[in-house]
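Read the structure below first, then the notes.
Side chains are part of it too, since the values below use all heavy atoms of this structure and drop only hydrogens, waters and symmetry mates. Treat the numbers as computed from the prediction; the structure is a model and nothing was measured. Letters A, B, ... mirror the listed sequences (proteins, then strands); counts begin at 1.
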Amino acid sequence: MHKLAQADPTFKDEIMAEPGGENLLRCYSCGTCMAVCLVRRQYPDYNPRRILHMATLGLRNDVLSSHVIWRCSACDDCYHHCPQGIHISELFKAFRTIALREGFTPPDSPALVNERTCVACGLCVEVCPYQAIQLVQKRVLGHEKAVAQVDAALCMNCGVCAASCRSASIDLVNYSDETLLQQLEQQLQMAEVMR
Amino acid sequence: MVDAARHPNITVMSYTEVKRVEGFIGNFKVLVEEKPRYVNMDRCNGCGACSPVCPIEIPNEFEEGIAPRKAIYIPHAQAVPLRYVIDLDACIHCYKCVDACGKLDAIDFSQQPRQQWLDIGSILVATGFDNFDPSVIKEYGFGRYPNVITAMELERINNSAGPTAGRIMRPSDGKFPNKVSFIQCVGSRDERYNLYCSGFCCMYAIKNAVQWKQSHPDADITIFYMDIRTPSKGYEEFYRRAREMGIRFIQGRPSLINEDPATGNLFIQAEDVGLGQAVELESELVVLSTAAVPRIDTNVMGSVLNISRSPDGFFMEYHPKLRPVDSPTDGVFLCGAAQGPKDIPASVAQGSAAASRAARILNADEWEIEPIVAMVWEDRCISAQGKKCGICATKCPYNAITVEVGKAAAVTSAKCHGCGGCVAECPHNAITQMHFTDAQVIAQLHALLKHEPEKKVLAFMCHWCSYGGADNAGTSHFEYPASQRGLRVMCSARMDQDFIYEAFRLGAGMVLVSGCHPQDCHYITGQRVGAERFEKLAKRLVDLGISSQRFRVEWISAAEGAKYAQVIREMDQTLKNIDPQALKDEIEKTRPELERRVRRMRDVPEVVKALAIAEEA
């Protein structure tokens with residue numbers, strides 16, 4: 001049972017203060033988002049409607065520790081169907097920003113930049129569909145240089161950056177080039193055996 | 001109210017009860033009784049000097065009992081007329097008020113109830129509603145826990161003219177409650193109490209919550225609801241505004257409220273459907289949105305005005321869609337919550353509509369009525385021959401028939417609605433109904449049963465319900481066998497037992513009599529008149545030798561097309577299961593006795609004529 005006495009009534013205000021979080025309270029729990037969601041087909045317990053409702057109730061810990069806020073692929077199918085015009089992926093971005101600020105870690109680590117080899121060509125910045133990468137000035141091994149930096153709240157782990165990086169300086173943690181190549185090799189060996 | 005009291009064409013008779021209503025549309029005689037106020041209306045100027053000196057304090061009804069009033073009082077500050085009244089049940093006759101009144105000398109303990117008859121053209125019923133008493137719902141603890149209050153009590157606490165001067169405080173300790181919960185549908189949408197939705201509670205709960213939140217933005221406000229119903233103009237936008245203000249809406253009906261005796265706080269147990277989990281919420285104050293229920297004296301008023309009640313207990317309108325402000329009695333109109341729970345815009349709309357409906361009558365010298373009224377054949381009425389009868393008058397739902405021994409029964413056409421109950425009940429065939437005469441019905445019967453009557457299901461249908469049900473079966477594509485033959489009359493009360501005898505005499509395989517459900521009858525008690533007759537008739541038919549499966553009585557509403565089709569299918573199947581030879585024998589065997597029973601029908605010359613024409617054809 002949820003003891004709502006322990007809920008945090010200020011949580012909704014905090015979300016609404018974040019960019020993208022403004023329209024949280026418009027939600028009247030119709031469930032359209034849940035019904036159109038593509039991610040739900042992969043994760044049956046994925047329920048954006050419930051997360052929004054929990055946020056309005058002030059169940060801070062339940063929302064911020066939920067894997068749901070990280071799994072959204074921002075396809076925005078729900079946004080186009082929402083009768084209240086709530087941009088749910090933006091709202092989730094606000095959840096993630098707060099989660100990171102409060103020390104919650106995403107289930108999948110965001111894309112990782114090798115700052116030593118990054119030449120700041122900016123290709124990853126261009127290709128990232130989520131505008132999760134920026135070029136920043138940084139001190140790396142005693143030298144001031146420009147490098148790519150990934151915003152963990154925005155990164156969706158799609159891997160476009162890793163595939164397009166010409167110096168192999170950016171990679172996914174759980175789906176690194178190395179892991180993928182190993183998997184490919186295994187598959188090929190299997191195919192060989194089968195033949 | 002003040003405007004109404006000042007209007008030259010309006011007389012407000014307050015503290016006055018309607019005792020009797022006689023007459024008919026445009027010509028009512030109404031007996032009213034003005035109760036004694038023990039204060040002279042002409043002398044009292046409403047100064048209020050008497051009330052403070054009165055030593056008696058009893059709960060104030062207008063303040064929902066949360067503030068006191070004196071034994072000499074005005075109901076509320078805006079009362080019209082602004083004249084004091086003494087509650088003699090509470091008064092101890094100390095006469096302090098008499099001294100306080102002094103020279104005005106307005107107090108008069110010798111007053112008696114005064115009755116008078118008034119000539120009235122049309123009547124509007126605007127008796128309003130009562131609030132459901134939530135103390136019967138034990139799980140919410142109303143009456144046991146001081147901090148569980150009704151929405152009406154909150155209205156008074158929140159009112160700047162109320163007992164707390166508009167300062168919101170909770171009953172247990174007078175503190176301002178910062179955590180408030182509203183519970184919706186208390187006593188409505190509940191099988192145990194009232195099935196209907198009271199309609200306006202969602203909006204007033206949201207209104208109270210928004211007001212609260214506007215004056216106290218930090219307040220933690222929750223509304224527990226089953227469905228939020230905000231269907232009128234601008235209401236949805238208001239609901240959305242409430243959500244955006246941060247009022248918490250939890251879909252789920254609380255199952256239990258527990259009190260912490262130390263703090264007086266309340267713990268609400270509910271399921272949050274949105275969450276799919278049980279929740280517990282601590283509140284400092286719980287406000288119950290109670291159902292609107294019919295006034296406690298609705299029955300009394302209904303019998304005085306001769307208007308009926310719908311199943312929910314409120315006064316019934318003539319037609320729910322097409323004549324929503326007319327009552328079943330011509331010249332009597334319904335408005336506001338007396339007819340069913342409704343909010344202010346709907347009440348104003350219905351009140352205006354009822355006023356204009358009533359004004360039509362006041363402005364008319366003549367009034368058109370339906371031509372289907374009953375008429376008495378004076379030469380056949382035995383009352384005219386000095387015998388005591390009066391059956392017709394006892395069966396009339398509208399008191400439209402007066403019977404005096406020595407005179408023929410007289411139908412007041414303006415009061416007759418044409419149910420035909422008197423026509424069917426008259427043992428001497430001395431009454432007929434225009435457009436539904438015995439001759440006309442018999443002629444139809446003969447036509448319907450001309451060919452192969454033993455293969456037919458003859459269905460008598462009342463105009464308002466079962467005919468509508470048959471129609472509904474057609475438009476909804478619910479199929480039923482083609483052996484059905486329908487005969488429409490206005491009410492099941494009109495279905496004369498002679499018609500049924502005649503149908504069996506002609507060899508009908510099956511006979512169905514169908515009409516409205518008792519609570520839906522459009523002729524107040526017409527259905528009951530028919531039902532009583534059919535109950536006796538069913539036994540008589542069996543005694544006659546007609547097997548019980550060949551006669552059926554069913555109450556089918558206009559919405560029950562599926563039921564109508566089902567009944568006809570069943571009857572058709574039953575008929576098919578009967579051995580044709582046995583059926584033929586039964587028809588032949590019972591015919592002579594049936595012949596004898598319908599002999600009296602031929603007293604009416606038109607019936608003889610109709611039968612002759614039918615036989616010729």
- Counting only heavy atoms not in A/R166, do more than 12 fall under 6.0 Å of its CZ? no
- Residue B/E271 excluded, over 12 heavy atoms near CD under 6.0 Å: yes
- Task: Report the option among B/R243, B/K179, B/R241 that has the most heavy-atom pairs separated by less than 4.5 Å from atoms of chain A.
- Result: B/R243
- Most chain A-contacting option - heavy-atom pairs closer than 4.5 Å, from B/R248, B/E282, B/M245: B/R248
- Query: Which region of B/Q269, side chain (C-beta onward) or backbone (N, CA, C, O), has a non-hydrogen atom less than 4.5 Å from a non-hydrogen atom of chain A, or is it both or neither?
  - Reply: side chain
- Message: A quick test of your reading: do over 12 heavy atoms of other residues, nucleotides or ligands sit less than 6.0 Å from OH of A/Y175?
- Response: no
- Roughly how far apart are B/E236 CD and A/Y28 OH, rounded to 0.5 Å? 6.5 Å
- Message: Looking at B/R240 and A/R26, would you say the former's side chain and the latter's main chain have a donor-acceptor pair under 3.5 Å?
- Response: no
- Atom NE2 of A/H80 with >12 non-hydrogen neighbours under 6.0 angstrom: yes
- Could you check B/T222 against A/L4 for side-chain contact (heavy atoms from CB on, under 4.5 Å), going step by step and ending with a plain yes or no? CA-CA 11 Å; B/T222 310; A/L4 292 184; 6.0 Å; no
- Item | Engaged part of B/D218 at the chain A interface, taking heavy atoms whose separation is under 4.5 Å | neither
- When rounded to the nearest 0.5 angstrom, what distance separates CG in B/D272 from OG in A/S29? 8.0 Å
- Task: Using non-hydrogen atoms and a 4.5 Å limit, figure out which bit of A/L59 sits close to chain B: side chain, backbone, both or neither.
- Result: side chain
- Heavy-atom pairs under 4.5 Å with chain A, option from B/L281, B/V273, B/I247 with the top count: B/L281
- Message: Under 4.5 Å from any heavy atom of chain A, what part of B/Q277 do you find: side chain, backbone, both or neither?
- Response: side chain
- Does atom CD of A/Q42 have more than 12 heavy-atom neighbours from other groups under 6.0 Å away? no
- Task: Below 4.5 Å from any heavy atom of chain A, which atoms of B/Y239 appear? Answer side chain, backbone, both or neither.
- Result: side chain
- Message: Take a 6.0 Å sphere around CD of A/Q137 and say whether it holds more than 12 heavy atoms from other residues, nucleotides or ligands.
- Response: yes
- Item | Candidate pair A/H53 and B/F249, rule side-chain contact (heavy atoms from CB on, under 4.5 Å), full reasoning | CA-CA 9 Å; A/H53 184 63; B/F249 286 83; over 6 Å; no
- Query: How close do B/L275 and A/M54 get, heavy atom to heavy atom, and via which atoms?
  - Reply: CD1-CG, 3.0 Å
- Query: More than 12 heavy atoms of other residues, nucleotides or ligands under 6.0 Å from CZ of B/R144: is that the case?
  - Reply: yes
- Item | CD1/B/I344: more than 12 non-hydrogen atoms of other groups inside 6.0 Å | no
